[in-house]
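Have a look at the structure below before the remarks.
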Amino acid sequence: MSPALIGILSLAALLTLLFLGLPVAFSMALVGVAGLWILGGSGPALGLMGSVPYSTVASFTLVVIPMFVLMGELAASAGLARQAYATARAWLGRLPGGLSMAAIGASTLFAAVSGSSVAATATMGRLSIEEMRRYGYDGGFAAGTVVVAGTLAALIPPSAMAVFYALVTDQSVSKMLIAGLGPGLVSSVLLMLAAYGVARRHPHRAPVVHHLVEWRERVASLKTIGPFGVLVLVVLGGIYSGLVTVTEASALGALAAFVLLVVSRQLGWPVLNQALTSSVKISCMIYLIIIGGLLFSRFLAFAGIPFAMVRAIQTLDVSPLSVVIVILLILTVLGMFMDPVGMIMLTLPFFFPVVKALGVDPIWFGVLMVLEAELGVITPPVGVHLFVVRQIVPDVPLSAIIRGALPFMLCQFLVIGLVLVFPQIALWLPGRMR
Amino acid sequence: MHFSRGAGPVRSFLDVAEARLETCWRALGMGGNMALFLIMFGVSADALLRYTLNRPITGTLEGVELLLVFAVFLSLARTQAERGHIAVGLLSERLAGKPRAALKALTAFLGLLLFGAVTWATGAMAFRSWKMGEYSAGLIAFPIYPSRLLVSMGSLLLFLQLLLELGRAMTELTGRGRSTGEKAAPSEEVP
């Protein structure tokens, strides 16, 4: 059987299992193991099944994922998201679309302490959407703001998604994390400009709020930035300076968030247990997908599929940029139907060997993958952020939320385009790391 | 759980099994949470002591790896019970009643096949590790077999959870339980 035929058959089997509703991790593992069994007999299949689960999870570096999720959960419980929103609202609230801009600003700040975009969206949604509606903002516009602003948590470090990509492709976790900062900040600015633009064009959807706070209060609100400074210094400062490893920075960040929780007198067993449970559950889901993905990619490698794909692309004589653009288009469509972690793990065994062979910078490609993954969580029909926000405001129809999010979604496309044309937005900072 | 409760010896057995497994998942979940908490303190203390006093805690790496295996693998079944393993619900969302139960039975069966094989393979690996006297290569020679055994146990617990789900789906399919016609979430929690 030729590698091309094996590739097509395995992809068809995988898509069938996914369509039947088998979890993504199970589907990839099942196809991988069955494929290895058929091609190589029971020996390689049982050998890999016996060794991959342990060797994947028993890894010091993998501690980063639960620690970053835990840090965000503890920081939210310590009231940091509320403080971020209060500060951003004090400074931006009076501008046209100011409350929407405040939600984006607060999401940017909170992204610097949260590794999970779903958690960040839920937290910011509960804080800001009702407030915006109270001041006369259109429900769809208010909800749409949060849907897209939540994606900043996956770009601005710490980011579980960036760590996930780096671990799967064997890239530097610290460089991958720092590379998300530039695109994250560009995205934040564009989203704020979009909010301002919508408010100027349709004042009835985002009426200007007058005399919200005095200057004195604004200056006083800056005090609340302190805890963010501590966490950013520990995590980003530690990683960027190279003083601590990423694993250490993630654990120290979680510990600092725990201390902030104690200081804020919000610590209680239910709060701590909830934060820990959420971190374990998300990590468990991600690790199992990594295990399934590794079994699947080992099977593909055994069948010689990545090599055949690389050779086929090389004979086509196309430019690396056009290959990357085609990949991004495929990911945009896939993202509409799949969750981001599953999509990345499912496509990387096919795409990564190709882009690597074409000499594409793996960190730049990683940032584009994360951007695409985050586009997937905001685009219907299966956009997780849309459903998270819908649960917060059940009286706002999903169609209104999608309409409200549309200008912001366009900004995300623009960010992808900018990073594609100007790779330095992502690569400048990691290029200066020690 | 996603199934209705009803009368009959099979359903009663499944209800009891489910209650026992839920208690088990809760206890193991608590253990997993504690393991994560210890990892946070352990890694931080190791880093702080190394940078301030140049005295890292020997064995942190091995201990953290063991705790991580414990936290992750013993929570696999709980994550499955709470629908935490992400799936694409395009078909199951559109089905109700017996077709939906049949689909659930099929996916649970496929999961059982996979995790039956994984339990077997990881168990064999743990046994070999114990017999060979496999140790970690760090400063402290930690035996590896307890971690490998945890992997196998976690996989076995997930197998049991899937067996329960298959039983529930089968009773629904054979008419011994009532169909709820419930709709699945479009997508599960993701980072």
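All heavy atoms count here, side chains included; hydrogens, waters and symmetry mates do not. Order of the sequence lines fixes the chain letters, A, B, ..., with proteins taken first and strands second; residue numbering starts at 1 for each chain. From a predicted model like this one, the values you see are computed outputs, not experimental measurements.
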For chain B, which of A/V244, A/L46, A/L288 has the most heavy-atom pairs under 4.5 Å? A/L288

Check whether B/L66 gets within reach of chain A through its side chain, its backbone, both or neither, counting any heavy atom under 4.5 Å. neither

Whatever's closer than 4.5 Å to a heavy atom in chain A on B/L162 counts as side chain

Test of ring centre spacing under 6.0 Å for B/F73 and A/Y54: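 For B/F73 and A/Y54, the ring centres are not under 6.0 Å apart.
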
Could you check, using the six-membered ring where one of them is a Trp, whether B/F37 and A/F258 have ring centers closer than 6.0 angstrom? yes

Pick one of side chain, backbone, both or neither for [X], based on which atoms fall under 4.5 Å of a heavy atom in chain B.
{"X": "A/L48", "answer": "neither"}
{"X": "A/S59", "answer": "backbone"}
{"X": "A/I65", "answer": "neither"}
{"X": "A/L386", "answer": "neither"}
{"X": "A/Y287", "answer": "side chain"}
{"X": "A/T56", "answer": "neither"}
{"X": "A/L20", "answer": "both"}

Non-hydrogen contacts under 4.5 angstrom with chain A: give the residues of residues 121-133 of chain B involved, or none if there are none. B/A121, B/T122, B/M125

Look at atom CZ of B/F142 and say whether more than 12 heavy atoms of other residues, nucleotides or ligands are closer to it than 6.0 Å.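 Buried by this count: over 12 neighbours within 6.0 Å.
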
